[in-house]
Amino acid sequence: MKAIRFHEHGGPEVLKYEDAPDPKIEANEVLVKVRACALNHLDIWLRSGVASWKLAMPHIVGSDISGEVAETGRLVKRVKPGDRVLLAPGISCGQCEMCTKGLDSACRGYTLFGVMADGGYAEYVKSPEANAIPIPGDLSFDEAAAVPLVFVTAWHMLITRARLQPGEDVLVIGAGSGVGSAAIQLAKLMGCRVITVAGSDAKLEKARALGADFGINHRTQSIADEVKRITARRGVDVIVEHVGAAVWEACFESLSAYGRLVTCGTTSGQDVQLNLRLLYGRQRALLGSFMGGRGELFDALKLIGQRKLHAVIDSVFPLAEARAAQEKMESREFFGKILLHP
Ligand SMILES: [Zn+2]
């Protein structure tokens, strides 16, 4: 098969479009003909070697995959060749204490397609049967590939970790990111008032079309001042954040009493200062969040199948042009998901 692989860590130039061995399935696995694969920032960390995982080389990334079942192992019962499926991005043992509680991403064996298992930057990928989920409703392959990682992450952050309540005020950092565009929609669906932050007015306009009530352009406005103005100095109940150091102070200052800040990433840096007195005095909570469980993906897919939540697609590239696709992601000039077509 054709695949995009890298043989060493480095810049976008290490991505090679080349022949790779066809995946061989085990009895409990399915072979999927990839129809679309969405990019995530994780792909770039893995390529550049920033992430701490020790990858087998050459390596195929890509965690968000949709396609058709091409072949099934002899123990596979739930799906059959020809089925349209998306793949739950997280692979876990399914048997441990954490997995059975639905907390898959805390499984000690947890990994993702594209990390310790080959990913979707390829014509074919193999998957445990448990990860193959029928595509809901009339979703296209593109929409199905754009959904899993960002919606499971946004669901875990807002619903499971921050325990979002109807009508709360929510601040979403990074409106144009996949997680940002998912979180805006989910918070709106919960009847919340949504304030979002982006680096351009064009992105903020698109965020408003997704349901955001207020937009803050961090290049021209102060996040903390704007949140104070919009909330009459009260602050927001919940903050969804994945940028880290660059927005930390502004975020902490923007939290109401009993506010919850939930973070799932540190693209701008991971070390921050914390004023403990303002944490306990105002009874705020800081919450970490990493991916989510397959159960949460099913919850999100129900609403996506009903078209109450939408995949946001920025652009589509042929697989052979994965380098250009990753360069676009690194430029930050996108809104929603960037997809590859094998
Ligand atoms: Zn487990």
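Only a predicted model underlies this, so the values are computations on that prediction, with no experimental measurement involved.
- Using the six-membered ring where Trp is involved, Phe252 and Trp248 have ring planes that are parallel, under 30° apart on the 30 and 60° scheme.
- Note: Ile313 CD1 to Leu339 CG = 5.0 Å, rounded to the nearest 0.5 Å.
- Between Asn217 and Asp201 the shortest heavy-atom distance is ND2-OD1, 3.0 Å.
- Within a 6.0 Å radius of CD in Gln273, other residues, nucleotides and ligands contribute 12 heavy atoms or fewer.
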What's the verdict on side-chain contact (heavy atoms from CB on, under 4.5 Å) for Ser256 and Asp169, showing C-alpha distance, side-chain angles and the deciding distance?
-> CA-CA 9 Å; Ser256 68; Asp169 283 346; over 6 Å; no
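- Remark: the backbone N or O of Arg78 is paired with a side-chain donor or acceptor of Glu129 at under 3.5 angstrom.
- Pairing each heavy atom of Arg260 with each of Glu168, the nearest pair is NH2-OE1, 2.9 Å.
- By the 4.0 Å N-to-carboxylate-O rule, Lys228 lies close enough to Glu253 to be salt-bridged with it.
- The hydrophobic cluster containing Val30 also contains Ile65, counting ILVMFWY residues as joined when their side-chain heavy atoms lie under 4.5 angstrom apart, directly or transitively.
- Side-chain contact between Leu55 and Val61 is absent, with no heavy atoms from C-beta onward closer than 4.5 Å.
- A donor-acceptor pair under 3.5 Å is absent between the side-chain atoms of Glu68 and the main chain of Ala70, judged by distance alone.
- No donor-acceptor pair under 3.5 Å is formed between the side chain of Arg284 and the backbone N or O of Leu261.
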Stepwise side-chain contact (heavy atoms from CB on, under 4.5 Å) test for Glu8 and Met57 = CA-CA 7 Å; Glu8 57 186 341; Met57 295 286 180; 5.6 Å; no
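- Asp314 places no side-chain N or O within donor-acceptor distance of the main-chain N or O of Gly336, the cut-off being under 3.5 Å.
- The number of heavy atoms from other shown groups lying within 6.0 Å of CD (Glu249) does not exceed 12.
- Heavy atoms only, all atoms of each residue included: Ala145 and Pro148 are closest at O-CD, 3.5 Å.
- Side-chain atoms of His156 never come within 3.5 Å of backbone atoms of Leu297 as a donor-acceptor pair (strictly under, hydrogens ignored).
- To the nearest 0.5 Å, atoms OG (Ser200) and NE2 (His218) are separated by 8.5 Å.
- A donor-acceptor contact shorter than 3.5 Å is absent between the side chain of Glu226 and the backbone of Arg229.
- Side chain of Arg161 to main chain of Gly288: a donor-acceptor pair is present (N/O by atom type, distance under 3.5 Å, no hydrogens or angles).
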Going through the checks in order, is the side-chain hydrogen bond (donor to acceptor under 3.5 Å, both in side chains) test met by Gln326 and Tyr121?
-> CA-CA 12 Å; Gln326 285 199 356; Tyr121 284 36; 3.2 Å; yes
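- Val240 and Val272 are not part of a single hydrophobic cluster, where members link through side-chain heavy atoms under 4.5 Å apart.
- For the atom pair CG of Leu186 and NZ of Lys308, the computed distance is 13.0 Å after rounding to the nearest 0.5 Å.
- Transitive grouping of hydrophobic side chains (ILVMFWY, heavy atoms separated by less than 4.5 Å) keeps Val227 and Val170 in distinct clusters.
- Judged by distance alone, the side chain of Ser66 and the main-chain N or O of Ala144 form no donor-acceptor pair under 3.5 Å.
- Taking CG of Asp64 as the start and CG of Leu340 as the end, the distance is 11.0 Å to the nearest 0.5 Å.
- In this structure, Arg307 pairs ionically with Glu143, as a charged nitrogen and a carboxylate oxygen lie closer than 4.0 Å.
- Ring orientation note: the planes of Phe290 and Tyr110 are nearly perpendicular, at an angle over 60° on the 30°/60° scale.
- Between Asn131 and Ser127, the closest heavy-atom pair is CB-OG, 3.4 Å.
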Using the side-chain contact (heavy atoms from CB on, under 4.5 Å) rule, take Lys126 and Val32 through it: C-alpha gap first, then chi angles, then the decisive distance, then the call.
-> CA-CA 6 Å; Lys126 66 172 185 170; Val32 174; over 6 Å; no
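- By the 4.5 Å heavy-atom criterion applied to side chains, Pro12 and Glu330 are counted as neighbours.
- Between Leu303 and Phe151 the shortest side-chain heavy-atom distance does not fall below 4.5 Å.
- Val152 and Leu139 fall within the same hydrophobic cluster, where Ile, Leu, Val, Met, Phe, Trp and Tyr residues are linked whenever their side-chain heavy atoms come under 4.5 Å apart, directly or through other members.
- Between Ser315 and Phe334 there is no side-chain heavy-atom pair separated by less than 4.5 Å.
- In this structure, OG in Ser254 is found 7.0 Å from CD1 in Ile216, a value given to the nearest 0.5 Å.
- Seen from the ring of Phe141, Arg84 counts as a face-on cation partner, given the 6.0 Å and 45° thresholds.
- If you chain together hydrophobic residues whose side chains sit under 4.5 Å apart, Val238 and Leu286 never meet in one group.
- A donor-acceptor contact shorter than 3.5 Å links the side chain of Gln185 to the backbone of His310.
- Here the straight-line distance linking atom CD of Glu29 with atom OG1 of Thr72 works out to 11.5 Å at 0.5 Å rounding.
- More than 12 heavy-atom neighbours from other residues, nucleotides or ligands sit within 6.0 angstrom of CD on Gln221.
- Within the 4.5 Å cutoff, the side chain of Asp213 has heavy atoms near those of the Lys188 side chain.
- Judged purely by atom type and a 3.5 angstrom limit, His242 has no side-chain atom pairing as donor or acceptor with the backbone of Thr266.
- Scanning all heavy atoms of the two residues, the minimum distance from Ser63 to Leu42 falls at OG-CD2, 3.7 Å.
- A salt bridge does not link Asp142 to Lys337: none of the charged nitrogens lies less than 4.0 Å from a carboxylate oxygen.
- Within the 4.5 Å cutoff, the side chain of Thr160 has heavy atoms near those of the Trp155 side chain.
- Under the 4.0 Å criterion applied to side-chain N and carboxylate O atoms, Arg208 and Glu205 are not assigned as salt-bridge partners.
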Dump the intermediate steps for side-chain contact (heavy atoms from CB on, under 4.5 Å) on Leu149 and Met291, then the final yes or no.
-> CA-CA 7 Å; Leu149 196 144; Met291 293 292 300; 3.8 Å; yes
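- For the pair Ala175 and Ala198, the tightest heavy-atom approach, listed with the atom from each and the gap, is CB-CB, 4.1 Å.
- The shortest distance between side-chain heavy atoms of Val194 and Leu210 does not fall below 4.5 Å.
- Residues Glu296 and Ile159 fail the side-chain proximity criterion, which asks for heavy atoms closer than 4.5 Å.
- Of the listed residues (Ile133, Val34, Val125), just one forms a side-chain contact (heavy atoms from CB on, under 4.5 Å) with Leu87, and that residue is Val125.
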